[in-house]
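Note sheet for the following structure.
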Amino acid sequence: MGGARTVGVTFGRAVPAVGEEAALVAELQAGSEEAFAYLLGVYQHPIFDLVSHIVEGPADAADVLQDVFLKIYRGVGNFHGESSLKTWIYRIAVHEALNHRRGFLRRLRREPVSLDAMHPNPRSGPAAQNCLDTPYAAAEQAERQEIVRNALASLPQPFRTVVVLREIEGLTYEEIAEVLGTATGTVKSRLMRGRELLRRKLCGYRD
Amino acid sequence: MFETCTEIRKFLSEYQDGAIDRDRFSSVRFHLTYCAACRQRMEEYQEVGACLQSLPQRRVSPELALRLRVQLSRRLHRNLVSRFLVFLDNALKPLLLPASGGVLGAVVFFALLMSVPGASLVSVPGAVIAAATPPRILALAPLNFPSGEEELVLVTHVNSAGKVLDYSVISGQSSPALLHRLDRMLYFSQFAPATVDGKPTEGQAVISLRRITVRG
């Protein structure tokens with residue numbers, strides 16, 4: 001409806017391929033509501049997860065997520081495909097999350113936590129599922145995940161962002177460099193430092 | 001070739017990701033074959049990576065997802081006409097299915113009703129619906145017909161198209177010449193068929209002819 005009309009492209013619910021991405025960008029730039037709905041469907045969960053690792057809590061992550069998609073809406077007209085759409089969106093998300101973190105004002109409104117968050121999707125398949133055979137195993141796994149989250153949250157910001165983008169979001173060094181606007185060498189060194197810090201925290205080593 | 005553990009450990013992270021150049025890759029791999037400490041360090045990095053990858057993805061709550069959709073929709077439809085169209089869309093969409101179902105139901109019902117024998121309505125001029133009517137003469141053929149002084153009474157059998165199928169003279173003279181002219185006259189005459197509930201059907205009509213002289 002409205003002024004925005006689709007040009008007849010149907011997207012599958014997954015990260016779009018290169019050809020599809022160009023069509024998606026054209027739709028977004030034309031102001032198609034369906035294209036934005038598709039974009040939300042594909043990216044809202046990964047971006048929320050990414051932002052959650054950078055800011056303090058779910059309420060802040062929710063605020064940042066809204067800001068990210070508003071920026072995407074405002075900025076998509078200026079997107080000319082210099083990078084992939086995914087990289088561009090991640091760059092906005094990381095910058096927005098870091099800006100939010102730097103700010104002193106915290107919104108007091110608390111976001112209702114999804115039941116999905118209580119029973120989230122395991123990232124890695126069968127190995128993670130096998131651990132949930134008994135209540136004891138489930139509790140143990142939840143405890144272990146909490147320890148990992150706390151260790152990750154305690155990393156200094158530059159290292160944490162790189163580790164999240166690499167280990168959790170699965171971006172390549174080049175993509176991370178594009179997202180952060182830094183050199184690939186910087187990404188490598190930050191990742192090495194980040195991994196080392198995490199190793200010390202999780203494995204209890206003191207070199 | 002034999003680099004120290006400190007030098008090698010700088011590249012373990014890249015080695016783990018397969019993002020290391022070929023020469024460096026060979027030297028790290030060679031080092032790991034004999035240095036148990038560095039090998040253990042490498043395994044720990046891999047464990048840390050596995051732990052991070054097994055963290056469940058935090059998902060957007062349905063409330064937040066809805067808020068995002070609404071927020072974006074508002075941005076996309078900022079002018080008044082666009083908002084009105086969205087309002088109209090939202091208002092009409094819930095009615096679309098029941099309304100379509102209703103219209104379709106009515107059409108199906110009407111079609112079924114029309115297919116019942118005797119229930120169809122056919123437009124026969126002057127036909128009275130829900131009543132039986134006999135065939136009627138609309139126009140007699142303009143032919144000379146010398147019937148003499150005696151009245152001639154015919155019983156005609158008229159089909160549903162208004163054509164005379166046959167007839168019989170029940171009163172009056174019936175010479176071959178007269179019957180021949182009678183044949184021609186009835187053939188070129190127009191009849192309205194008999195109707196039952198408005199539907200044309202075959203029927204019989206009694207016609208009385210007396211001293212008729214018709215000139216064309």
Side-chain angles (χ1 to χ4, degrees), chain A residues 1-4 31-33 36-37 40 44-49 52-53 58 61-62 65-66 69-70 73-74 111-117 119-124 127-128 131 141 144-145 147-149 151-152 163-164 166-168 170 172-173 188 191-192 194-196 198-199 202-203 205, chain B residues 5-6 9-21 24 37 40-90 92-93:
Chain A
M1 284 201 74
S32 161
E33 190 166 358
F36 275 102
L40 272 177
Q44 63 182 358
H45 296 304
I47 294 296
F48 184 69
D49 190 45
S52 298
H53 285 296
L65 186 69
Q66 292 184 72
F69 278 99
L70 279 181
Y73 164 75
R74 287 185 194 132
E111 194 58 34
V113 177
S114 164
L115 288 176
D116 291 340
H119 305 283
N121 289 350
R123 234 179 270 276
S124 57
C131 296
Q141 192 195 25
R144 197 163 55 240
Q145 286 171 350
I147 291 169
V148 174
R149 277 191 197 284
L152 185 61
V163 168
V164 168
R166 174 63 204 154
E167 295 283 16
I168 297 177
T172 63
Y173 285 9
K188 287 180 181 176
L191 189 58
M192 187 194 72
R195 278 172 168 162
E196 176 58 22
L198 267 181
R199 187 192 67 82
L202 293 173
C203 302
Y205 280 82
Chain B
C5 290
T6 309
R9 285 175 187 180
K10 286 177 189 171
F11 299 101
L12 286 182
S13 175
E14 292 170 54
Y15 181 82
Q16 184 184 348
D17 293 325
I20 192 169
D21 62 71
R24 187 66 67 183
Q40 188 183 350
R41 176 73 60 97
M42 185 69 219
E43 284 166 6
E44 285 168 357
Y45 283 147
Q46 286 168 342
E47 276 176 33
V48 168
C51 284
L52 289 170
Q53 283 157 22
S54 70
L55 283 178
Q57 187 184 52
R58 287 184 174 128
R59 296 175 71 80
V60 174
S61 66
E63 296 85 0
L64 178 58
L66 181 65
R67 198 189 306 163
L68 276 172
R69 285 292 304 267
V70 170
Q71 199 174 37
L72 275 174
S73 184
R74 279 186 183 157
R75 294 271 170 178
L76 287 166
H77 304 287
R78 270 187 290 193
N79 66 57
L80 213 59
V81 175
S82 185
R83 277 192 182 179
F84 176 71
L85 288 173
V86 171
F87 168 77
L88 210 61
D89 192 38
N90 289 340
L92 291 180
K93 260 186 185 168

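We name chains A, B, ... by the order of the sequence lines, and we start the count at 1 in each one.
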Of all the heavy-atom pairs spanning A/V148 and A/L202, show the shortest one and how long it is.
CA-CD2, 4.1 Å
Interface residue of largest heavy-atom contact number with chain A, from B/V48, B/L68, B/L12, under 4.5 Å:
B/L68
When rounded to the nearest 0.5 Å, the distance separating OG of B/S13 from OH of A/Y173 is 4.0 Å
Closest non-hydrogen atoms of B/R59 and A/F48, given as atom of the first, atom of the second and distance, are O-CE2, 3.4 Å
Quick check on B/E14 against chain A: is it the side chain, the backbone, both or neither that has a heavy atom closer than 4.5 Å?
both
Where on A/I147 is there a heavy atom nearer than 4.5 Å to chain B: the side chain, the backbone, both, or neither?
neither
Pairs of heavy atoms under 4.5 Å with chain B: top-ranked of A/L191, A/T172, A/V164
A/L191
Ion pair A/E196/B/K10, N-O distance below 4.0 Å
no
What pairs with B/Q16 under side-chain contact (heavy atoms from CB on, under 4.5 Å), at least two apart in sequence or on another chain?
A/E167, A/R195, B/M42, B/Y45, B/Q46
If I measure from the heavy atoms of chain B, does A/V163 come under 4.5 Å with its side chain, its backbone, both, or neither?
side chain
